[in-house]
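One is the number of the first residue; the rest follow in order along the sequence. Note that the structure is predicted; figures quoted are calculated from it, not measured.
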Amino acid sequence: MSAKKIFHSTTFKLITSFLGATLLQSILFLSLGANLLNQVMRAETENRIRMDLNAAREIYSANIAAVRGSLFYTALAPDFASMVEDRNGQELSDILSMVARSAGLDFIGIQTADGKVLNAKMGGDFRPEESENSIAEQVFGRMVPVAGTVLADRAFLSAQDPGLAERARIKILPDYEKAAEEKNILSAGLVIAAGVPVLREGRVIAVLYGGMLVNRGITIVDTVKDTVFQNETYKGSSVGTATIFLNDVRVSTNVMTAEAVRAVGTRVSPEVRDRVLSKGGRWIGEAFVVNDWYITAYEPIEDLDGKKVGMLYVGVLEQKYNDIRRKILSIFVLITLAGMALAVGLGIILSRRILSPIVRLIRASRQVSDGSLTPDIGPLAGDEIGVLQSTFMDMVREMGRRRSESETRLLQSEKQASVGRLAAGVAHEINNPLTGVLTYTHMLLRRKDLSDDMRSDLQVVAESTERVRKIVKGLLDFSRQTRLDPEPTEINRVVASTIQLVENQALLKGIAIRFHPGENLPVLILDRSQIRSVFLNIIINAIDATDPGGSITIYTASALSVSESEQTGVEITIADTGCGIPAEHLDKIFDPFFTTKEVGQGTGLGLAVSYGIVKRHGGTIRVQSEKGRGTRFFVWLPVKEGTAFAVGAEE
């Protein structure tokens, strides 16, 4: 077989189609799979980092509680309050030193109500207070123990231990651009501290305070790393890290720099700082931390006054999750390639099985093109081709149904147009002499010299002429000689006013009329008078068809057009419990002069005129009925103001 024939063969096209479809599907699968995988893994890692941050916060809070507990039980010790009141400095100094060693406190001291201070580094002498002690002030002010985070200045730290002031001093590294006037040395210290009142006979005679300096400390962050992340490593790097910030500067961390030293003095990114410190929220997401990307979580640290003085951070190395994601995507790619190879093999195997029914479908398609709606497609195959054959036949049947509907609508329109033209001509020819007959009949009836028989005959002539006049009016309405006068209208009001016109007539016959108005219906642009006549015509017909004790129910609701799915509008449903319409009459009820009423009871133009009015408004009217089980009329009217209206000069 020549190369040209191979490229144009059905087998080649089928294989190419299989391959193309598989390739397209694979690309979509990879795209969606990668996106879904990314979302799932991101959600999982962010959920994990939230839990890790919660655990880190508990560890941080546990350290605060430990400081508070050690001070609380010390203050409650026997004779402690009396020693403070007696100013037994040396004994108190020994106790303070012992508590500091056992509780791991960096400083501990006593401040009396008269402003004298004794701490573990001062020996046994109470001295005047030389620096502001916010912890003691909180306890004296609240008269209860306090514990939490405190921002301590250099003077306070020096007063407790000169070594603490030096340890708190941190050089801020230029990780991000800062204003030129900003200082590059951090001298304040972030302190986990507590204070408890020392009571003597119900009086607060002093405050026992103490705490741990977080700056350059590793206890808390390494406890988080050991407890939460269990020292897990990946490619030589720690998977999890923890940091405590003073404002936006790292003062305690196990995040390492490129030189393998703790990144103390580096800053957090401006975005994180703004979210956490300025706005007081959490930051959850990926962030570049010193020299690598992490999935991070930050939350603010507040001091005893509720002021945000720092941040608590935990992070998980992003590279580990990226590598897992790449491995999974690689598996996806291999599966895709295997699927493409399988598609080629299946295309070769199935091509011959597919060709036979396809040929029959081609033949059947030509039969449909020639006008046949009963093509021969042969026996249905048992695979996807069988589905295609069934779908083809469904399509042919749908085409037949739609063609039938189109022909019916076209026939109805042609019938309406033909009868309308005839009705218009007849109405014009009859109207003038009819007016003369009616006028002269009424003039004769005014005469006083008429016998009773003659007057009775003239009365019959007048009544018959009046009936003909009504028929002529119906003909004129049907022939579309009446203009539309559209205006913004609330359809519920039109329906309600129509019900008022026929309510007494329905009550006299013992028929209940119920109206269920829809809510929030759009305003329609229509001719109120003519639409009211449509509803009036349908309701009167329903009253005539319903026995006493029956009911007529009217609903209004927003609805889409049954013929134009994207067209919005309002549907009015009028349902009765009457005798119903025989199936053989359903396709004739909108025909002019068709009526099932007795002679003289109807002209057969009411529904034909209603059909024309609704159609001129751009709407539709349809009916559902079953003999003996009532009838439902559905009037649908469009919302769009641009709907075609037959407005203008008479024809």
Can V139 and Y209 be said to form a side chain to side chain contact (heavy atoms under 4.5 Å, CB included), step by step?
CA-CA 9 Å; V139 178; Y209 66 89; over 6 Å; no

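- The aromatic rings of Y298 and Y313 lie tilted to each other, with the angle between the two planes from 30° to 60°.
- Checked by atom type and distance alone, the side chain of D303 pairs as donor or acceptor with a backbone atom of K307 at under 3.5 Å.
- Here the side chain of T266 pairs no donor or acceptor atom with the backbone of L173 at under 3.5 angstrom.
- The backbone N or O of N215 lies less than 3.5 Å from a partner atom in the side chain of R167, making a donor-acceptor pair.
- Looking at S252, its side chain does come within 3.5 Å of a backbone N or O of G217 through a donor-acceptor pair.
- Using modelled atom types, no side-chain atom of S93 and backbone atom of G89 make a donor-acceptor pair closer than 3.5 Å.
- The main-chain N or O of R267 is found under 3.5 Å from a side-chain atom of R250 such that the two form a donor-acceptor pair.
- Within a 6.0 Å sphere centred on CG of D114, heavy atoms belonging to other residues, nucleotides or ligands number more than 12.
- R50 and N47 are not linked by any side-chain donor-acceptor pair at a separation below 3.5 angstrom, with hydrogens and angles left out of the test.
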Take V198 and F80, measure what side chain to side chain contact (heavy atoms under 4.5 Å, CB included) needs, and give me the verdict at the end.
CA-CA 8 Å; V198 179; F80 186 81; 3.9 Å; yes

Residue pair D52, I49: steps toward the side chain to side chain contact (heavy atoms under 4.5 Å, CB included) verdict
CA-CA 5 Å; D52 293 344; I49 205 67; 4.1 Å; yes

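- Although no hydrogens or angles enter the test, the distance criterion places a donor-acceptor pair under 3.5 Å between the side chain of T296 and the main chain of G285.
- Distance alone, capped at 3.5 Å, is enough to place a donor-acceptor pair between the R275 side chain and the R282 backbone.
- A side-chain donor-acceptor contact under 3.5 Å links N133 to the backbone of I135.
- Annotation: ring-ring contact (aromatic ring centres under 6.0 Å, His included) contacts of Y555 (sequence neighbours excluded): H516.
- Under 3.5 Å, the side chains of R262 and T253 contain no donor-acceptor pair of N or O atoms.
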Would you mind writing out the side-chain donor-acceptor pairs for residues 142-156 within the sub-3.5 Å range, not counting sequence neighbours?
unit_1	atom_1	unit_2	atom_2	d
R142	NE	Q138	OE1	2.9
R142	NH2	Q138	OE1	2.8
R142	NH2	L304	O	3.2
T149	OG1	Y60	OH	2.7
D153	OD1	A155	N	3.4
D153	OD1	F156	N	2.8
R154	NH1	A165	O	3.2

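- Counting only distance, with no hydrogens or angles, the side chain of S102 and the backbone of V99 share a donor-acceptor pair below 3.5 Å.
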